[in-house]
Amino acid sequence: MKNILLVILCTLLFVSCKEEETEVTSAIKSDKDYTQFVNPFIGTSKMGHVFPGATAPFGMVQLSPQTNFEVMFDDENKYNPETYEYCAGYQYRDTTIIGFAHTNFSGTGHSDLGDFLVMPTTGKLILDPIKTKEGNKGFYSVFNHDKENASPGYYSVNLESYDILAELTASERVGFHQYTFPQSDSAHIILDMVYNVYHHDNKNVWTFIRVENDSTITGYRQTKGWARDKKIFFAAKFSKPFSSYGHKKYDKVKYDGFYRRFNQYENFPEMAGKDIRAYFNFKTNKGDKIKLKFALSSVSSAGAMANLEAEIPHWDFNQVKDETKHKWNSELSKIEVETIDEDQKTTFYTAMYHTNLSPIIYEDADGKYRGLDQNIHTSDGFTNYTIFSLWDTYRALHPLFNITQPDRNNDMIKSMLAHHDQSVHKMLPIWSHYANENWCMIGYHATSVIADAMAKNVGDFDYERALEASVNTASVRYFDGLGDYIDYQYVPDDKSHSSVSKTLEYAYNDWCIYQMAKQTENIKVAEQFKRRSTYYKNVYDTEIGFMRPKMSDGSFRENFDPMDTHGQGFIEGNAWNYGLYVPQNIDSMIIMMGGKERMTNQLDSLFSMEIDDKYIEKHEDITRDGIIGNYVHGNEPGHHIPYLYNWTGHPEKTQERVRMIMDTMYGPTVEGLCGNDDAGQMSAWYIFSSLGFYPVTPGSAEYSIGSPLVKEAKIHLSNGKNLKIIAKNQSRENVYVKSISVNGQMLRGNILTHSDIVDGGEIIFEMSSKPSTVIE
């Protein structure tokens, strides 16, 4: 009887497991498999700087091929501009791969990372990636794009120099390699601890590898660079024991204590040095698969090992691949769209994919993480994240998260508040990654992310604490001209570079703090920052009609050219585009600049005039690929500009411009991004605009109407509600909006509210080929 009951129980469990497996499989293989519309190679050419490798959504491990080994500075310490094109370590035009690194940025325009490069080889052991000292070929392999594949959570390529099929997948904290070898008595897997994206000789501080047994290694790497003190630990397991191992040092050993009594370079279980490359030897039969699980941690190698056991305790590569694909499909299917053609759908879902790459989870499976103070903390009531490219992502990415990822955005804000608490400056992050503040770009835009979430009632973070952290940040006088901004009520150009851009960004950030203070009923702070939010007026020159650098004596700077993007008081922009940055008070800006008609003419000129090469030649971030007239879509400061026509009485011009940008600046090819994706901002702009609206002023609950590109969209909200967007009469010619209804009520004006979206229901756009200055 017991045996019969046992058989019945096992059968029920088996059926239950198979039903669950079938459900997962069917979600992946059904017609709602949105991963099929993602092309990770979009944007991998020149300006895109996107990696095509394997990662889980928001994963700490971003395992991707590296295709070159550039030197950031030459022997004369001159910057090599070609390294800019390798911000993600991969260039589609290349034909050689030097290995697969476990950390990468997506489209940031500057870089770091590229940690723990792994490369399988056969034949004579070579430990130099490009050329040996004798000038012979290094351990790189040639490859062909015909035998290269990438999809969410998976990457494969044939390494032709060795006849090795390389396959990669990943969980959040573990990279999973699978290498199919030919028959060889001299197969190797190299672990390059020297390589880094934007390679320079002094990158490493120290590296260490410990051989735990014949198939397990642990270690760490400490580097300096964009992140001044970055520590990252690993634990790795091979599916097959290695027969021997060793390493080579690339730095001169000045003192090695009594370790000098050992032959440390062959089969010695500790490898340490500033720059080392290790190797692990195998014998393989044709078709042998050697798998490698490589886990990361910011805390310790023990933490990395615990992450490995928690996330991938088995050796089933395909299971991890399918699980990660399912995770991606779950994220991508939060917005279901129907488009005019498959190219638009590929562009849309690849943009969705890009917006789910970062910020990344930055804590171990047990919640421990390395904080900004370099101490180990445990997250309490949130998941800790890092990679906050806030000058870029506050504009559209974080507002998008308030619709598609409200819980994650809540955790990201809590991560920012933890950063503030750990900061010796008592500041929120500016541009931070891997327990480091790198101080890149201007403004203090964590305030925007926080204010936007508060305005939209997203998250359960402490509003009072968030306001205090924001005020603290806005009061650090030694930060980037901020003291002068407080004293002069603008940033003087003779005291700080990019003075106009800083003044404009600070004024907007202060408006965000004003909004927070109003919401928390802190009248004193509200009055202070409301006043500061108007300081943009102090750098407007009424005589020439442009924002213009002002000196500490109150005079405007002479020899000013509003067309030039270099050395004119702006950063990565000029007075024509960056000078239109007053999102907190657009009506006031238009009046100040001469009224609606004059602003309309200025916007028309911006899109139609030509900008000479001499005005952009000194900026890597501004290229012809992202320019329409003098409007630069390939860089973030102008992303709101096409929507400004809504404030001048010409919404039809916003609709026309927005559709033109989507059609010409984005596409389903390797050239499909017109500039850096900048950690998802460029793609977030496309998603919002495709849906028909855009957050011109983060920190408010309003969205500006554009021209939807989709035929239909269904947004599955985290509150269980659905929003359906329908664009009637959608076509390439019908770019104008004739009317809009929200849940059956006709919309008057050009504004949607956050409640119109998160309350669910139906928004219907009626499209037309005829422009109209009034949406009926």
Side-chain angles (χ1 to χ4, degrees), residues 40 44 49-56 59-72 83 85-92 94 96-108 110-121 127-130 138-141 143 148 150 153-157 159 166-171 173-179 189-200 203-204 207 209 217 219-223 225-227 230-236 275-279 292-298 304 357-358 360 387 433-434:
T44 55
H49 306 157
V50 176
F51 67 85
T55 184
M60 179 190 297
V61 168
Q62 302 196 324
L63 179 55
S64 188
Q66 311 292 293
T67 62
N68 209 333
F69 195 75
E70 289 291 339
V71 177
M72 187 176 182
T83 60
E85 300 176 12
Y86 288 85
C87 294
Y90 178 93
Q91 267 298 319
Y92 191 83
D94 288 340
T96 62
I97 284 177
I98 60 172
F100 307 98
H102 289 78
T103 62
N104 286 277
F105 281 137
S106 176
T108 55
H110 190 68
S111 203
D112 202 340
L113 310 184
D115 297 289
F116 307 127
L117 186 82
V118 172
M119 183 63 177
T121 66
L127 290 178
D128 299 294
I130 302 299
F139 63 66
Y140 71 83
S141 174
F143 76 104
E148 181 187 33
Y154 177 72
Y155 174 87
S156 70
V157 66
L159 301 175
E167 297 178 273
L168 312 174
T169 190
S171 62
R173 298 171 179 86
V174 187
F176 201 165
H177 308 240
Q178 178 170 270
Y179 299 121
I189 292 181
I190 296 167
L191 174 56
D192 186 344
M193 304 282 277
V194 180
Y195 174 79
N196 58 85
V197 180
Y198 263 29
H199 176 74
H200 59 84
K203 178 77 171 180
N204 281 346
T207 58
I209 300 172
I217 61 174
Y220 69 87
R221 182 187 199 193
Q222 182 179 7
T223 61
W226 208 17
K230 179 168 72 72
K231 300 180 185 74
I232 186 165
F233 298 83
F234 76 87
D275 294 311
I276 61 177
R277 292 189 178 101
Y279 61 89
L292 172 63
K293 297 185 291 189
F294 204 105
L296 302 185
S297 168
S298 68
L357 291 174
S358 64
I360 65 168
I387 302 183
H433 68 287
Y434 285 75

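Note that this is a predicted model, so its numbers are computed, not measured.
Nearest heavy atoms, Y220 versus M193: O-CE, 3.4 Å. Heavy-atom minimum distance, I387 versus S358: CG2-CB, 4.2 Å. A pairwise comparison of heavy atoms in A235 and A304 identifies N-CB, 3.5 Å as the closest pair. Shown here for G99 and L117, the closest heavy-atom pair between the two residues is C-CD1, 3.4 Å. Closest approach of Y140 to M119, counting heavy atoms only: C-CE, 4.1 Å. Closest approach of A170 to A54, counting heavy atoms only: CB-O, 3.8 Å.
To the nearest 0.5 Å, atom OG1 of residue T223 and atom CG of residue N196 are 7.5 Å apart. Atom CZ of R277 and atom CG of D128 lie 6.0 Å apart (nearest 0.5 Å). Remark: H49 NE2 to S111 OG distance equals 9.5 Å, nearest 0.5 Å. Within the model, atoms CD1 of I232 and CG of L113 stand 7.5 Å from one another, a figure rounded to the nearest 0.5 Å.
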query: Could you walk me through whether N204 and R221 pass the side chain to side chain contact (heavy atoms under 4.5 Å, CB included) check?
result: CA-CA 8 Å; N204 281 346; R221 182 187 199 193; 3.0 Å; yes
- request: Assess whether side chain to side chain contact (heavy atoms under 4.5 Å, CB included) is satisfied between W226 and F105, documenting all intermediate values.
  value: CA-CA 12 Å; W226 208 17; F105 281 137; 3.7 Å; yes
message: Before you tell me yes or no, could you show the steps for K231 and F233 under side chain to side chain contact (heavy atoms under 4.5 Å, CB included), namely the whole-Å CA-CA distance, both residues' side-chain angles and the distance that decides it to 0.1 Å?
response: CA-CA 7 Å; K231 300 180 185 74; F233 298 83; 4.3 Å; yes
task: Kindly indicate, with the supporting measurements, whether the criterion side chain to side chain contact (heavy atoms under 4.5 Å, CB included) is fulfilled by L159 and V157.
output: CA-CA 6 Å; L159 301 175; V157 66; 4.0 Å; yes
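Here Y179 pairs with H177 under the ring-ring contact (aromatic ring centres under 6.0 Å, His included) rule; sequence neighbours left out. Evaluation of the ring-ring contact (aromatic ring centres under 6.0 Å, His included) rule for Y155 yields no partner, not counting sequence neighbours.
With hydrogens and angles left out, the side-chain atoms of Y86 and D94 include a donor and acceptor closer than 3.5 Å.
Under the 4.5 Å side-chain criterion, counting only non-hydrogen atoms from C-beta, P129 is not in contact with Y195. Contact of the P40 side chain with the Y154 side chain is not registered, since no non-hydrogen atoms from C-beta on lie closer than 4.5 Å. Two residues are said to be in side-chain contact when any heavy atoms from C-beta on lie closer than 4.5 Å; F294 and L191 meet this criterion.
For the pair T44 (side chain) and V50 (backbone), a donor-acceptor distance under 3.5 Å is absent. One N or O on the side chain of T103 and one on the backbone of D115 form a donor-acceptor pair closer than 3.5 Å. Looking at S171, its side chain does come within 3.5 Å of a backbone N or O of V174 through a donor-acceptor pair. Remark: the backbone N or O of S64 is paired with a side-chain donor or acceptor of Q66 at under 3.5 angstrom. The backbone N or O of Q91 sits nowhere less than 3.5 Å from a side-chain atom of E85 that would complete a donor-acceptor pair.
Between H102 and F234, a ring centre-to-centre spacing not shorter than 6.0 Å is recorded.
Each of L296, V61, D192 was checked for a side-chain contact (heavy atoms from CB on, under 4.5 Å) with F116, and the lone residue meeting it is L296. Each of L63, I360, L357 was checked for a side-chain contact (heavy atoms from CB on, under 4.5 Å) with T55, and the lone residue meeting it is L357.
With salt bridges taken as basic N to acidic carboxylate O contacts below 4.0 Å, one links D112 and K203.
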